[in-house]
> 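Below is the structure I would like to discuss, written out as structure tokens.
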Amino acid sequence: MPMPAEWRDFFTLTKPRVMTLVIFTAICGLLAAPGSIHPVLGFTAILAIAMGAGGSAALNQWWEADIDAEMKRTAHRPLPTGRMRRDDARDFGVFLSGVSVFLMGVAIGWLAAVMLAFAVFYYAVIYTMWLKPRTPQNIVIGGGSGAFPPMIGWIAVTGEVTAMPVLLFAIIFMWTPPHFWALALFMKSDYAKVGIPMMPVVAGERSTRRQILAYTVLLAPVTVAPWLIGGTSWVYGSVAVVLSVLFFAFAMPVGTRTRAQDDPMTQEKTLFKFSIFYLFALFAALVADRVLAAHGLIGTGIFGGLFS
């Protein structure tokens with residue numbers, strides 16, 4: 001019988017490390033959006049996004065409790081270790097998700113609330129229950145679940161969907177495959193053990209490496225696009241270009257080499273870590289660009305804002 005769960009166990013269910021990235025990109029989307037929002041409402045919007053992300057993470061662990069128990073990376077979680085009842089995790093996830101959508105709708109607006117509800121559904125149902133156990137394209141298609149936060153943050157301020165929030169969504173969507181497949185390469189045996197068809201398991205390492213490189217190349221123009229359409233200035237544009245070059249430099253040895261059996265996969269781990277820094281730095285540059293533009297210190301776009 002599971003032991004009584006502590007608050008720390010419920011907090012762990014929300015995947016705090018992943019939550020950090022979710023909250024950060026949501027804040028950046030909110031701060032980079034044109035217009036303004038009252039600080040209390042801005043905080044409420046971010047709280048709702050965080051709750052939605054935490055709720056969907058709890059539902060993910062409820063559904064995958066048996067799988068998590070067999071993987072080294074996840075065996076220490078509350079459900080596999082027996083620190084929490086499975087039904088409690090499910091109920092906690094449903095509660096957090098429901099409250100997050102209601103709070104967003106009442107305090108901010110129902111467009112943002114609908115987007116948040118779909119993001120929760122996307123991760124908990126479309127990715128976790130449907131895509132992940134069935135197709136090696138799970139990360140490619142499922143990447144949309146983690147791409148919603150900056151888009152929702154932007155919509156919370158503007159109340160509409162325009163080209164810029166769609167591009168912020170697209171950046172994370174395209175970033176997810178090379179980011180996660182770098183992790184999957186050195187976690188391949190764990191995924192194979194539990195029958196999850198991650199790309200290295202199904203298509204092999206060689207194909208996965210090629211696709212990491214291909215998505216890295218495809219990511220670059222999407223990353224620079226906010227500058228090209230006039231949504232940002234050269235400040236963001238230059239950071240985006242430099243980061244894209246560095247991402248390619250880290251991805252190239254991963255994408256082109258043949259790994260020896262005893263290779264510790266240092267380059268893959270380095271790429272994984274850099275990809276996290278990449279996203280933080282890119283979205284930080286987006287906010288810095290917005291702040292500078294708001295003070296009239298810079299113009300926008302390579303074409304002078306023609307398409308903004």
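Because only heavy atoms are used, hydrogens play no part in the values below, and waters and symmetry mates are left out as well, while side chains stay in.
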> Does Ser56 have any side chain to side chain donor-acceptor pair (under 3.5 Å) partners at least two apart in sequence or in another chain, and if so, which?
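Listed in chain order: nothing, the list is empty.
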
> Would you say Arg83's side chain and His76's backbone share a donor-acceptor pair under 3.5 angstrom?
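Side chain of Arg83 to backbone of His76: a pair is present.
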
> Testing the basics here: between Ser100 and Ala48, what is the closest heavy-atom pair and its distance to 0.1 Å?
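Nearest heavy atoms, Ser100 then Ala48: CB-O, 3.2 Å.
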
> Verify side-chain contact (heavy atoms from CB on, under 4.5 Å) between Val242 and Leu246, making sure each step is shown before the conclusion.
CA-CA 6 Å; Val242 170; Leu246 289 174; 4.1 Å; yes

> Inspect the surroundings of CH2 in Trp130 and state if more than 12 heavy atoms from other residues, nucleotides or ligands are less than 6.0 Å away.
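Result for CH2/Trp130: open.
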
> Less than 3.5 Å apart, any donor N or O on the side chain of Thr232 or Asp289 sitting next to an acceptor on the other?
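Distance-only check fails for Thr232 and Asp289.
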
> Closest approach of Ala58 and Ala89, non-hydrogen atoms and distance?
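Closest approach of Ala58 to Ala89: CB-O, 4.0 Å.
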
> Decide if the gap between the ring center of Trp181 and the ring center of Tyr215 is smaller than 6.0 angstrom.
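Ring-ring flag for Trp181/Tyr215: true, centres closer than 6.0 Å.
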
> Locate the shortest heavy-atom distance separating Gly52 from Val120; write the atom from each residue and the value.
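Between these two residues, the closest heavy atoms are O-CG2, 3.5 Å.
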
> Only counting residues at least two apart or in another chain, list the ones meeting side chain to side chain contact (heavy atoms under 4.5 Å, CB included) with Leu96.
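Result, side chain to side chain contact (heavy atoms under 4.5 Å, CB included) vs Leu96: Thr14, Met51, Phe92.
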
> With respect to Val254, which candidate in Leu185, Thr270, Thr208 satisfies the side-chain contact (heavy atoms from CB on, under 4.5 Å) definition?
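Among Leu185, Thr270, Thr208, the one that satisfies the side-chain contact (heavy atoms from CB on, under 4.5 Å) with Val254 is Leu185.
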
> Verify the cluster assignment for Ile108 and Phe102: are they in a single hydrophobic cluster under the rule of side-chain heavy atoms below 4.5 Å apart?
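No, Ile108 and Phe102 fall in different hydrophobic clusters.
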
> Spell out, yes or no, whether Phe95 and Leu13 are grouped together once hydrophobic residues are joined by side-chain heavy atoms under 4.5 Å, including indirect joins.
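Linked, Phe95 and Leu13 end up in one cluster.
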
> Asp88: which residues meet the side chain to side chain contact (heavy atoms under 4.5 Å, CB included) condition with it, sequence neighbours left out?
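In terms of side chain to side chain contact (heavy atoms under 4.5 Å, CB included), with neighbours along the sequence ignored, Asp88 is linked to Met84, Arg85.
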
> Do Ile27 and Ile23 have side chains that get closer than 4.5 Å, going by heavy atoms?
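Sidechains of Ile23 and Ile27: in contact.
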
> Between Asp190 and Lys72, does at least one N-O distance fall below 4.0 Å, as a salt bridge requires?
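Not counted as a salt bridge, because no side-chain N and carboxylate O are separated by less than 4.0 Å.
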
> Any carboxylate oxygen within less than 4.0 angstrom of a Lys/Arg side-chain nitrogen, looking at Asp87 and Arg90?
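Salt bridge flag = yes for Arg90 with Asp87.
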
> Between Asp66 and Arg86 (salt bridge meaning N to carboxylate O under 4.0 Å), is one present in this structure?
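So Asp66 pairs with Arg86 through a salt bridge.
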
> Whether the side chain of Ser145 engages the backbone of Tyr123 through a donor-acceptor N/O pair (distance < 3.5 Å, no angle test) should be reported.
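Side chain of Ser145 to backbone of Tyr123: no pair is present.
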
> Quick check: closest heavy atoms across Gly35 and Val157, and the distance to 0.1 Å?
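Here Gly35 and Val157 meet closest at C-CG1, 4.0 Å.
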
> Determine whether a donor-acceptor pair (N or O, by modelled atom type, separation under 3.5 Å) exists between the side chain of Trp175 and the backbone of Ser275.
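Looks like yes, one N/O pair under 3.5 Å.
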
> Please report the interatomic distance CG(Leu111) to CG(Leu116), rounded to the nearest 0.5 Å.
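Here the rounded value is 11.5 Å.
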
> Are the side chains of Pro178 and Phe247 in contact, using a 4.5 Å heavy-atom criterion?
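With C-beta onward as the side chain, the pair touches.
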
> Taking only residues two or more places apart in sequence, or in another chain, which ones meet Ile141 in a side chain to side chain contact (heavy atoms under 4.5 Å, CB included)?
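Ile141 satisfies side chain to side chain contact (heavy atoms under 4.5 Å, CB included) with Tyr122, Leu131, Gln137 once adjacent residues are dropped.
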
> With Arg290, which residues qualify under side chain to side chain donor-acceptor pair (under 3.5 Å), at least two apart?
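Side chain to side chain donor-acceptor pair (under 3.5 Å) check on Arg290 returns nothing, list empty.
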
> Mind checking whether Leu243 and Phe277 have side chains closer than 4.5 Å, heavy atoms only?
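Yes. Closest side-chain heavy atoms under 4.5 Å.
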
> Measuring from atom CE of Met198 to atom CG of Leu183, what distance do you get when rounded to the nearest 0.5 angstrom?
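Rounded to the nearest 0.5 Å, the CE-CG separation comes out at 8.5 Å.
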
> Are Val241 and Val224 side-chain neighbours, meaning at least one heavy-atom pair lies under 4.5 Å?
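In short, these two side chains touch, coming nearer than 4.5 Å.
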
> Only one of Leu168, Val22, Leu30 forms a side-chain contact (heavy atoms from CB on, under 4.5 Å) with Pro150, so which one is it?
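One option only clears the test, and that one is Leu168.
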
> Can you list everything that forms a ring pair (Phe, Tyr, Trp, His ring centres under 6.0 Å) with Phe250? Sequence neighbours excluded, please.
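So Phe250 forms a ring pair (Phe, Tyr, Trp, His ring centres under 6.0 Å) with Phe274.
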
> Going by heavy atoms in the side chains, are Tyr127 and Ile139 under 4.5 Å from each other?
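The answer is yes; the side chains approach within 4.5 Å.
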
> Taking ring-ring contact (aromatic ring centres under 6.0 Å, His included) as the cut-off, I'd like each qualifying pair that reaches into residues 143-167, sequence neighbours left out, listed once.
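Output for this query lists Phe118-Phe148, Phe148-Phe169.
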
> Which pair of heavy atoms, one from Ala107 and one from Thr44, lies closest together, and at what distance?
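That would be CB-CG2, 3.7 Å.
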
> Who are the side chain to side chain donor-acceptor pair (under 3.5 Å) partners of Arg17, not counting sequence neighbours?
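Side chain to side chain donor-acceptor pair (under 3.5 Å) check on Arg17 returns nothing, list empty.
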
> Should Lys188 and Glu205 be marked as a side-chain contact (heavy atoms from CB on, under 4.5 Å) after you check the CA-CA gap, both sets of side-chain angles, and the distance that decides it?
CA-CA 9 Å; Lys188 176 184 174 182; Glu205 287 190 19; 4.0 Å; yes

> Classify the ring geometry of Trp7 against Phe11: parallel below 30°, tilted from 30° to 60°, perpendicular beyond 60°.
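Judged by the thresholds at 30° and 60°, the geometry between Trp7 and Phe11 is tilted.
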
> List the steps and the verdict of side-chain contact (heavy atoms from CB on, under 4.5 Å) for Val40 and Phe43.
CA-CA 5 Å; Val40 173; Phe43 173 81; 5.8 Å; no

> Under a single-linkage definition using a 4.5 Å side-chain heavy-atom cutoff for Ile, Leu, Val, Met, Phe, Trp and Tyr, are Ile126 and Val114 assigned to the same hydrophobic cluster?
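No, no single cluster joins them.
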
> Look at the side-chain heavy atoms of Ile, Leu, Val, Met, Phe, Trp and Tyr, link any pair under 4.5 Å apart, and say whether Val222 and Val217 land in one connected group.
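Each belongs to a different hydrophobic cluster.
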
> Main chain of Gly204, side chain of Ser207: is a donor-acceptor contact present, judged purely on distance under 3.5 Å?
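Answer holds: no.
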
> Check whether any side-chain heavy atom of Met104 sits under 4.5 Å from a side-chain heavy atom of Trp110, and report yes or no.
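Contact flag for Met104/Trp110 side chains = no.
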
> Between Arg209 and Glu268 (salt bridge meaning N to carboxylate O under 4.0 Å), is one present in this structure?
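Salt bridge flag = yes for Glu268 with Arg209.
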
> In chain order, what residues pass the side chain to side chain donor-acceptor pair (under 3.5 Å) check against Tyr278, with sequence neighbours excluded?
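Side chain to side chain donor-acceptor pair (under 3.5 Å) check on Tyr278 returns Thr223.
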
> Give a yes-or-no answer on whether the side chains of Asn60 and Lys15 include a donor-acceptor pair shorter than 3.5 Å.
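Short answer, yes.
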
> Got Met199 and Gln211 here, is their nearest side-chain heavy-atom distance under 4.5 Å?
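SC-SC contact between Met199 and Gln211 confirmed.
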
> Please identify each residue that fulfils salt bridge (Lys or Arg N to Asp or Glu O under 4.0 Å) with Arg73, with sequence neighbours left out.
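None.
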
> Is Val106 reachable from Met115 through a run of hydrophobic residues whose side-chain heavy atoms are each under 4.5 Å from the next?
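Looking at the clustering, Val106 is in a separate group from Met115.
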
> Before you tell me yes or no, could you show the steps for Lys132 and Glu64 under salt bridge (charged side-chain N to carboxylate O under 4.0 Å, His left out), namely the whole-Å CA-CA distance, both residues' side-chain angles and the distance that decides it to 0.1 Å?
CA-CA 10 Å; Lys132 190 173 181 180; Glu64 296 186 340; 3.2 Å; yes

> Do you know which two heavy atoms are closest between Leu271 and Ala251, and how far apart they sit?
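That would be CD1-N, 4.0 Å.
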
> Which residues pass the side chain to side chain contact (heavy atoms under 4.5 Å, CB included) test with Trp63, sequence neighbours left out?
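With sequence neighbours excluded, Trp63 shows a side chain to side chain contact (heavy atoms under 4.5 Å, CB included) to Thr128, Met129, given in chain and number order.
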
> Report the C-alpha distance between Ile229 and Leu167 in whole Å, list the side-chain angles of each, state the deciding distance to 0.1 Å, and finish with yes or no for side-chain contact (heavy atoms from CB on, under 4.5 Å).
CA-CA 10 Å; Ile229 69 167; Leu167 281 175; 3.6 Å; yes

> Within the structure provided, determine whether Leu219 and Ser244 are in side-chain contact (heavy-atom separation under 4.5 Å).
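With C-beta onward as the side chain, the pair stays apart.
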
> How would you list, by chain and number, every residue that makes a ring pair (Phe, Tyr, Trp, His ring centres under 6.0 Å) with Phe280, sequence neighbours excluded?
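Phe280 satisfies ring pair (Phe, Tyr, Trp, His ring centres under 6.0 Å) with Phe24 only.
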
